[in-house]
Amino acid sequence: MAEGDAFPRDTRLHYRRIADELRKQINAETWLPGQRLPTQEELSERYDVARATVAHALSLLRREGLITTRQGSGSFVALDRAERPDEHGTVRGESSDVWAVVSERMPPVLLKPYLEEAFEAKDVRLDVFSMTTESLAARVADQKDLILAGRISPPKSITARLLLPDTTSETLAIPRQLSGEDDPRVRARLGSILHSHVTVLRSALYELRGRDAVPVVDVQVRLVRFSPQLKLYILNNRVVLQGFYVPEAGTAVLADGEAVAALDSYGNGATLYPFRAAADSTPQQVGVVRAARQFFESTWEHLGEKADF
């Protein structure tokens, strides 16, 4: 959504949309860790909402540990998780009795540094399960530009497997009309978005091969007949980033301009949580990576259907 655009959704959900937009911009490194976000007044004008709505959105990001607020100074992108792991590598979340593994001392959400690290390998492997690959396509295009400009060394091979929802399937739980009725037009809208971002990603990687920068490039896409409930990146089989798609009520604007009340998930702002399998990793971290790889492989093999893009 462009800056200054109004939110065409239920006003009760404005704060969530603003929080999603801010997460997305943090992920794109519009503001780096430690940098100050725009003031509440500036955000209020940008999104055409009351300051109380902005405050509610910032409060949500604070609870997630993404930002900190200093009295009289404003809100800043967090330098680290709001709650530090203990000696066992665990942290207890707010209002929760569940212990969660935290494997990295890096703020959640940031895909870019992990992808940059992945591209330092001789052979790059990207296994991705997501709704549209929007975030990944942008970051891969960045890496392509750096390689072609001679600013980073190219890998010898890049293999990408993309597992995405089949938007022609009536069995998708989301997106659909808020009433629960399946609407092919709503699915077609998602299909158009998905196709656009996959095209960007594939074009970037195959350009590297076409210009003799990376000798071996292979991009495969398979579709599943259900909506992803989580966003999953497996980078070089060693690093796992995962986030959750939260179904939310909103408005889908169709190709003809009609606005339809819909249930959808807005994953471009999803918080990502990292886990790493390395010599100094905890057993929990290694276990998460292993389970993620098994989940992806089984879903790819048994439920994914080959798609041509």
Side-chain angles (χ1 to χ4, degrees), residues 27-29 32-33 89 101-130 133-164 197-198 200-222 230-243 270 272-301 304 309:
N27 188 33
E29 297 192 334
L32 297 173
V101 177
V102 177
S103 63
E104 299 288 325
R105 288 182 177 270
M106 185 177 291
V109 158
L110 297 178
L111 170 62
K112 183 177 179 179
Y114 287 102
L115 196 65
E116 289 176 343
E117 177 188 295
F119 267 75
E120 293 174 359
K122 179 177 69 174
D123 298 299
V124 176
R125 186 178 187 91
L126 311 174
D127 289 335
V128 180
F129 181 42
S130 75
T133 73
E134 178 179 358
S135 301
L136 181 68
R139 301 284 76 81
V140 165
D142 290 343
Q143 292 301 108
K144 181 261 297 185
D145 290 340
L146 292 172
I147 290 172
L148 294 180
R151 295 176 58 186
I152 61 174
S153 299
K156 291 186 176 181
S157 71
I158 302 175
T159 301
R161 295 189 297 175
L162 311 177
L163 198 55
L164 304 165
H197 293 302
V198 170
V200 169
L201 191 153
R202 292 182 76 255
S203 297
L205 292 181
Y206 282 123
E207 183 179 352
L208 289 172
R209 189 179 69 181
R211 297 178 63 173
D212 297 324
V214 178
V216 178
V217 172
D218 181 32
V219 181
Q220 299 179 46
V221 181
R222 291 192 182 184
L230 60 83
K231 174 184 290 191
L232 179 67
Y233 301 103
I234 306 175
L235 309 180
N236 296 338
N237 282 331
R238 292 189 174 276
V239 174
V240 165
L241 306 175
Q242 68 176 29
L272 298 175
Y273 297 94
F275 303 88
R276 184 184 301 272
D280 59 348
S281 298
T282 66
Q284 296 98 324
Q285 295 170 37
V286 175
V288 169
V289 173
R290 183 183 299 114
R293 290 171 57 180
Q294 291 174 342
F295 166 81
F296 185 91
E297 291 293 343
S298 182
T299 305
W300 178 270
E301 179 66 25
F309 277 83

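Source: prediction; values computed, not measured.
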Query raised in the report: Residues in ring-ring contact (aromatic ring centres under 6.0 Å, His included) with Phe119, at least two apart?
Result: none
Query raised in the report: So how far is it from Arg139 CZ to Lys144 NZ, rounded to the nearest 0.5 Å?
Result: 13.0 Å
Query raised in the report: Roughly how far apart are Asp142 CG and Ile152 CD1, rounded to 0.5 Å?
Result: 10.0 Å
Requested in this report: Of all the heavy-atom pairs spanning Ala277 and Val286, show the shortest one and how long it is.
Outcome: CA-CG2, 4.2 Å
Query raised in the report: If you take all heavy atoms of Ala213 and Pro154, which pair is closest and at what distance?
Result: O-CB, 3.4 Å
Query - Note, Leu126 side chain near Leu235 side chain (heavy atom, < 4.5 Å) - result: yes
Report task. State, with a plain yes or no, whether a side-chain heavy atom of Val214 is found less than 4.5 Å away from one of Arg209. Result -> no
Query raised in the report: With a 4.5 Å limit on heavy-atom distance, are the side chains of Leu162 and Gln220 in contact?
Result: no
**Report entry** For Gly243 against Leu272, the heavy-atom pair lying closest together
**Finding:** N-CD2, 3.9 Å
Query raised in the report: Taking only residues two or more places apart in sequence or in another chain, which ones pass salt bridge (charged side-chain N to carboxylate O under 4.0 Å, His left out) with Arg211?
Result: Glu207
Query - Greater than 12 external heavy atoms within 6.0 Å of Arg222's CZ - result: yes
**Report entry** Atom pair NZ/CD of Lys112 and Glu117 - distance to nearest 0.5 Å
**Finding:** 14.5 Å
Report summary line: Rounded to the nearest 0.5 Å, the CD atom of Gln242 sits from the CD1 atom of Ile234 at a distance of 9.5 Å
Report summary line: Across all chains, not counting sequence neighbours, the side-chain hydrogen bond (donor to acceptor under 3.5 Å, both in side chains) partners of Glu120 are none
Requested in this report: Determine the minimum heavy-atom distance between Asp123 and Asn236, stating which atoms define it.
Outcome: O-OD1, 3.7 Å
Query raised in the report: Would a distance-only check, ignoring hydrogens and angles, find a side-chain to backbone donor-acceptor pair under 3.5 Å from Ser130 to Thr133?
Result: yes
Report summary line: Shortest non-hydrogen pair, Leu163 vs Trp300, comes out as CD1-CE3, 3.8 Å
Query raised in the report: If we only count heavy atoms from C-beta on, is the Val221 to Val198 side-chain gap below 4.5 Å?
Result: yes
Query - Aromatic centroids of Tyr233 and Tyr114 separated by under 6.0 Å - result: no
Query - Within-4.5 Å side-chain heavy-atom neighbours: Phe296 and Val128 - result: no
Query raised in the report: Going by heavy atoms in the side chains, are Pro155 and Ile158 under 4.5 Å from each other?
Result: yes
Report task. Could you list the residues that satisfy salt bridge (charged side-chain N to carboxylate O under 4.0 Å, His left out) with Arg161, not counting sequence neighbours? Result -> Asp127, Glu297
Report summary line: Applying ring-ring contact (aromatic ring centres under 6.0 Å, His included) to Tyr206 and not counting sequence neighbours gives none
Query raised in the report: Looking at residues at least two apart in the chain, or sitting in another chain, which of them share a side-chain contact (heavy atoms from CB on, under 4.5 Å) with Ser298?
Result: His302
Report task. Quick one: do Thr159 and Asp218 satisfy side chain to side chain donor-acceptor pair (under 3.5 Å)? Show the steps, please. Result -> CA-CA 5 Å; Thr159 301; Asp218 181 32; 5.2 Å; no
Query raised in the report: OG/Ser135 to CG/Leu115 distance, rounded to the nearest 0.5 angstrom?
Result: 11.0 Å
Report task. Would you mind reporting whether Val289 and Gln285 have side-chain heavy atoms less than 4.5 Å apart? Result -> no
Report task. Calculate, to the nearest 0.5 Å, the distance between atoms CG and NZ belonging to Leu136 and Lys231 respectively. Result -> 9.0 Å
